[in-house]
Each structure stands twice: as C-alpha cells, then as structure tokens.
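For reference, the structure is listed below as structure tokens.
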Amino acid sequence: MGTHSHHHDYNFNERYEFAGKAKMFSIIAVVLGVAAVAFGLLSGDSHTVERTYANLLLMGYYFTCVCAAGAFFVALQYVTQSAWSAGLVRIPQAMAGVLPIASLILLVIVGLGLTTHNLYHHWHADGLLDPNHANYDPIIEGKSAYLNVPFFLTRQIVFMGIYSIFAVVLAKLSYKEDLEGGLTSYKKSFKLSAIFLVIFGFTTPIWAFDTIMSLEAHWFSTMFGWYNFAAMWVSGISCITIIVVVLKKAGYMNWVNENHLHDLGKLMFGFSIFWTYVWFAQFMLIWYSNIPEETVYFYKRWEPEYKPWFWLSIIINFVSPLLILVDRDAKRKQNVMLFVAILLLAGHWLDYYIMVMPGTVAEHRGFGIIEIGTALGFLGLFIFLVMSKLSKQALVPKNHPFLDESLHHQI
C-alpha cells in the first residue's frame, strides 16, 4: 500500500520525540503542583486542608475523565468504523494508556478524603446513622445501603478498573497491528469496543453520582451523569485537538489536515451545545418546579461568592464555542481551534469547580495558590505521561484498514 505515489511524502514510522522545553515545563509544573498541595495540606488550618482536598478531587477527577474520554473516543471509532480519525487515533490511544495511572491517583484521593473526613462528610461522618446522636440524619440513613465506604470504594475500583483494562487492551491491540498487519487486531478491537461502550455508557453516570454528586448527599439529579459525561467528552475532544495542533506546529503528522481538524471542530461545537442542553434541562426543571430539596443545590451556587462564576461557566462553555465555531472556516484554522480548545478546558475546570466547591468548602472557597498550583501540577502530569506514552510508538497505525481513507478525507 505504501508504494503508491500519493504516499511518498508521508513517513509512517515517524515518532514524536518528547524532550526539551515541553518535558522541562511538564516536570516543573508537577513540582509546583506538589509544592502547592503540600502547602495546603501542611497549613494547619482545617479549611485550607479541606480546600486542598477539594482541589485534588476536582483535578484528579478531571484528569481521569479526560483519559477515559480518550478510551471512549478510540472505542467509538472502532464501533462506528470511522475512517477519518485513523490518522490521529494514536493521540486518544495515548490518553487511554494513561487511564490506569489517573484512576489510581483518583482512588488514592478519594480514599484519603474518606479516611480524613475531608471529602464526602455529608454521608460519612460520626453519628449520622445513630438516632440518639446529635448528627443523626434520617435521609442519609435511608441511603446508607448504597452510600457506605466499602461499597463506595468497591464501585470506584470496579468501574475505573474495567475502564483501565479496556483502555490498555485496545491500545495494545493497535500496537500489535503495527507489527503483524492483517485484520485480526481490528476485529478483536471492534468486539471489545462494542462491549466497552455498553459498560461505559451504563456505569459512567453512576461513577459521576458517586464521585461528585455524593459530595452533597441529600440532593440528587437523574441528569447529573449525562451532564458529567458531556463535560468529559468535550474536554477529551479539546485535549485531542490541542495535541494535534501542537504536534502539527512542531512539524509532525503532516497527513492530518484541515479536514480532520474540521471534524474535531464539529464534535467540539456539537457537544458544547449538548452539554448546555443537559445543563439547562437540569437547571430549568429544578428552577421551575421549585421543590426545596432540589433547589438547595442551585441555592448554594447562587450565593454571591459563586453566582458570577456560575454564569461565566455558561458564557465560556456555551456562548463562546457557539459564536466562534459556528463558521465553517473557523473549524479549519489551527489557531482558532487551539484557542477554543484551551478556552473549553479552562471552562470545564470552572464547571467542575462549581460542582465540587459548594459541597465541600462552601463559603470558604478561594482562588489562589492552591487552585492554580493543583491545576498546574495535574496539567504537567498529564503532559508528561501522555506525551511519553505517545513517543513510545509510531504516530500513525500504519496497518489500520481505514488509513488510506483517512489520508483522502475531504469535507
């Protein structure tokens, strides 16, 4: 296949070299992150410690979500037999390959948060289940069959474990295909992806209920799982886009062109609107029916310290991608796509911030060294792990059955 004239200028054994400034930045960012977390945990002030834990949960969850979105992207491409993405699928594969590490980090954060009572104390605190205790809470007692530490941690381990296994196996099969050729790996990947998507679809809402919604254990929303899925998917697409553009600017991946970028742009645009749809449906129904046990969630977020951020999140995550990406040309320009992808990642950090903070630190929220430091640390870790993973294999699955179609992709 590689002998045709139109392939002569592509080097399909090309590898990304992870070195220099990018590597230095990622290592410095991780060091700064560790320093910020240590500063928060050793501050001796209980509010600051709780705030640090809240930030760790936010970023640990965000990091895991983006890697899971990478695995979801890869599986989705197999099941839909999509050809356009064959030339860039190594990027979400690298993200998926980092999922086990991200999952472990999140598990440690959740476990420590539970044992130190800095996270989930709405349902995991002394006396909540004891009718004779001052803290007794009949609602929590009613939910205790589901919200108890052993079952909670079991669910976390099982869900993230399953996602990680599928993510790693799918990546391995693709690397195997590079060596052996043929369709064996592809057919196996197809089957595995179909199973994975069903499991992922049914369990991600529960995972979101556990990890984030149970921070405020009295409140519940059946739409919360899809809301989190939409945020995860938009963030994942944004990460893939950033890596594609940065690699192209560095002179790699010359087989990916504005047509592929256009497709990523359409996904970003479409799912930003889907995120808003779920956000609005959840918000509007609660606002309209005005039932106290439901409105309590938004009531907290309408306190003066959160309300401006609450509306800013909508502007960044909905209005800006809507207005910037609605134009066809915008989705085909590297710099515009890079800008919107970075904006959306910042916007979804804010989205998670508004999900996590009111249920943990409430009015003691802040924005400073701890927030910026933790975010930087996880960003550095993400860059370091994903780019190291990416540099281990060729940048394109050269024996992918649809690669030829991807090279001629035009819209």
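Expressed to the nearest 0.5 Å, how far OG of S189 lies from CG of L173 amounts to 4.0 Å. In this structure, CD in E50 is found 7.5 Å from CG in L119, a value given to the nearest 0.5 Å. A distance of 6.5 Å separates CG in N254 from CD in E14, rounded to the nearest 0.5 Å. Rounding to the nearest 0.5 angstrom, the gap separating the NE2 atom in H409 from the CG atom in D404 is 14.0 Å. S406 OG to L88 CG: the interatomic distance, rounded to the nearest 0.5 Å, is 6.5 Å. Considering CZ of F224 and CD of Q282, their distance stands at 7.0 Å, rounded to 0.5 Å.
With a 6.0 Å cutoff to the six-membered ring centre and a 45° limit on the axis angle, K331 counts as a cation-pi contact of F269. Geometric assessment of R155 against the ring of F152 yields a negative cation-pi assignment under the 6.0 Å and 45° thresholds.
W207 has its side chain out of reach of P205: every pair of non-hydrogen atoms, C-beta onward, lies at least 4.5 Å apart. The closest side-chain heavy-atom distance from M355 to Y352 is below 4.5 Å. Contact check for V244 versus Q334: no side-chain heavy atoms found under the 4.5 Å cut-off. Counting only heavy atoms from C-beta outward, the side chains of S193 and L76 never approach each other to under 4.5 Å. A 4.5 Å side-chain heavy-atom check between W219 and I286 finds at least one atom pair inside the cut-off. At a threshold of 4.5 Å between non-hydrogen side-chain atoms, the residues L215 and H122 do not count as touching. Contact annotation: the side chain of L57 approaches that of L106 to within less than 4.5 Å [non-hydrogen atoms, C-beta and beyond]. Residues F159 and I199 have side chains not in contact (no heavy-atom distance under 4.5 Å, counting atoms from C-beta outward).
By the 6.0 Å contact criterion, NZ on K249 is enclosed, its count of non-hydrogen atoms from other residues, nucleotides or ligands being greater than 12. For Q410, the CD atom counts as loosely surrounded, since its 6.0 Å shell holds 12 or fewer non-hydrogen atoms of other residues, nucleotides or ligands. Heavy atoms of other residues, nucleotides or ligands lying less than 6.0 angstrom from NZ of K191 number 12 at most. The 12-atom threshold is not exceeded at CD1 of I369, counting heavy atoms of other residues, nucleotides or ligands nearer than 6.0 Å. Shown here is E303, whose CD atom has more than 12 heavy atoms of other residues, nucleotides or ligands within 6.0 Å. Counting heavy-atom neighbours within 6.0 Å of K143 NZ, excluding the residue itself, gives a total above 12. Within a 6.0 Å radius of NZ in K300, other residues, nucleotides and ligands contribute more than 12 heavy atoms.
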For this session: Go through K266 and I411 one step at a time and tell me if the side-chain contact (heavy atoms from CB on, under 4.5 Å) criterion holds.
Result: CA-CA 11 Å; K266 286 191 287 194; I411 42 173; 3.7 Å; yes

For this session: Check step by step if side-chain contact (heavy atoms from CB on, under 4.5 Å) holds for M253 and V256.
Result: CA-CA 6 Å; M253 297 188 94; V256 174; 4.0 Å; yes

Exercise. Where do D210 and F151 land on the side-chain contact (heavy atoms from CB on, under 4.5 Å) test, with the steps shown first?
Worked result: CA-CA 11 Å; D210 281 353; F151 192 27; over 6 Å; no

For this session: Before giving the answer on side-chain contact (heavy atoms from CB on, under 4.5 Å), spell out for S214 and F209 the whole-Å C-alpha distance, their side-chain angles and the decisive distance to 0.1 Å.
Result: CA-CA 6 Å; S214 79; F209 292 160; over 6 Å; no

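No side-chain donor-acceptor contact under 3.5 Å links R90 to the backbone of Q393. The main-chain N or O of K392 is found under 3.5 Å from a side-chain atom of R15 such that the two form a donor-acceptor pair. Remark: the backbone N or O of G111 is paired with a side-chain donor or acceptor of T115 at under 3.5 angstrom. Between the side chain of S221 and the main chain of M223, a donor-acceptor pair closer than 3.5 Å is present. Side-chain N or O atoms of N399 include one that pairs as donor or acceptor with a backbone N or O of E177 at under 3.5 Å. Side-chain atoms of T276 come within 3.5 Å of backbone N or O of S272 as a donor-acceptor pair. Listed for the S26 side chain is no donor-acceptor partner under 3.5 Å among the backbone atoms of F382.
Between the side chains of N13 and K398, a donor-acceptor pair is found at a separation under 3.5 Å. Checked by atom type, the side-chain pair W275/D351 shows a donor-acceptor distance below 3.5 Å. For the 3.5 Å distance criterion, the side chains of Q156 and T211 qualify, holding a donor opposite an acceptor. In this structure, a donor-acceptor pair under 3.5 Å is absent between the side chains of W287 and T295. Side-chain polar atoms of N118 and T116 form a donor-acceptor pair below 3.5 angstrom. A donor-acceptor pair shorter than 3.5 Å cannot be found between the side chains of R332 and N257. For the residue pair N55 and E371, a side-chain donor N or O sits within less than 3.5 Å of a side-chain acceptor on the partner. Checked by atom type, the side-chain pair T203/Y163 shows a donor-acceptor distance below 3.5 Å. Residues Y252 and N11 have side chains that never bring a donor and an acceptor to within less than 3.5 angstrom of each other.
Nearest heavy-atom pair across L395 and W255 is O-CZ2, 3.8 Å. Closest approach of S238 to L344, counting heavy atoms only: OG-CB, 3.7 Å. In plain terms, the two heavy atoms of P397 and A86 that are nearest each other are CD-O, 3.3 Å. The minimum heavy-atom distance between F402 and S82, with the atom names listed, is CD1-O, 3.7 Å. Closest approach of G377 and V30 over heavy atoms only: O-CG2, 3.8 Å. When all heavy atoms of G60 and T64 are compared, the pair lying nearest together is O-OG1, 2.6 Å.
Side-chain rings of H124 and H117 approach one another, their centers coming within less than 6.0 Å. Outside the 6.0 Å centre-distance limit, the rings of Y306 and W302 are not counted as a close aromatic pair. Taking the six-membered ring for Trp and the full ring otherwise, F229 and F72 have centroids separated by under 6.0 Å. Residues H400 and Y186 place their aromatic rings such that the two centres sit under 6.0 Å apart. Taking the six-membered ring for Trp and the full ring otherwise, F274 and F318 have centroids separated by 6.0 Å or more.
Between F73 and W233, the ring planes are tilted. Angles from 30° to 60° get that label.
Considering Y297, F310, Y288 in turn, F310 is the only one that fulfils the ring pair (Phe, Tyr, Trp, His ring centres under 6.0 Å) rule with F283.
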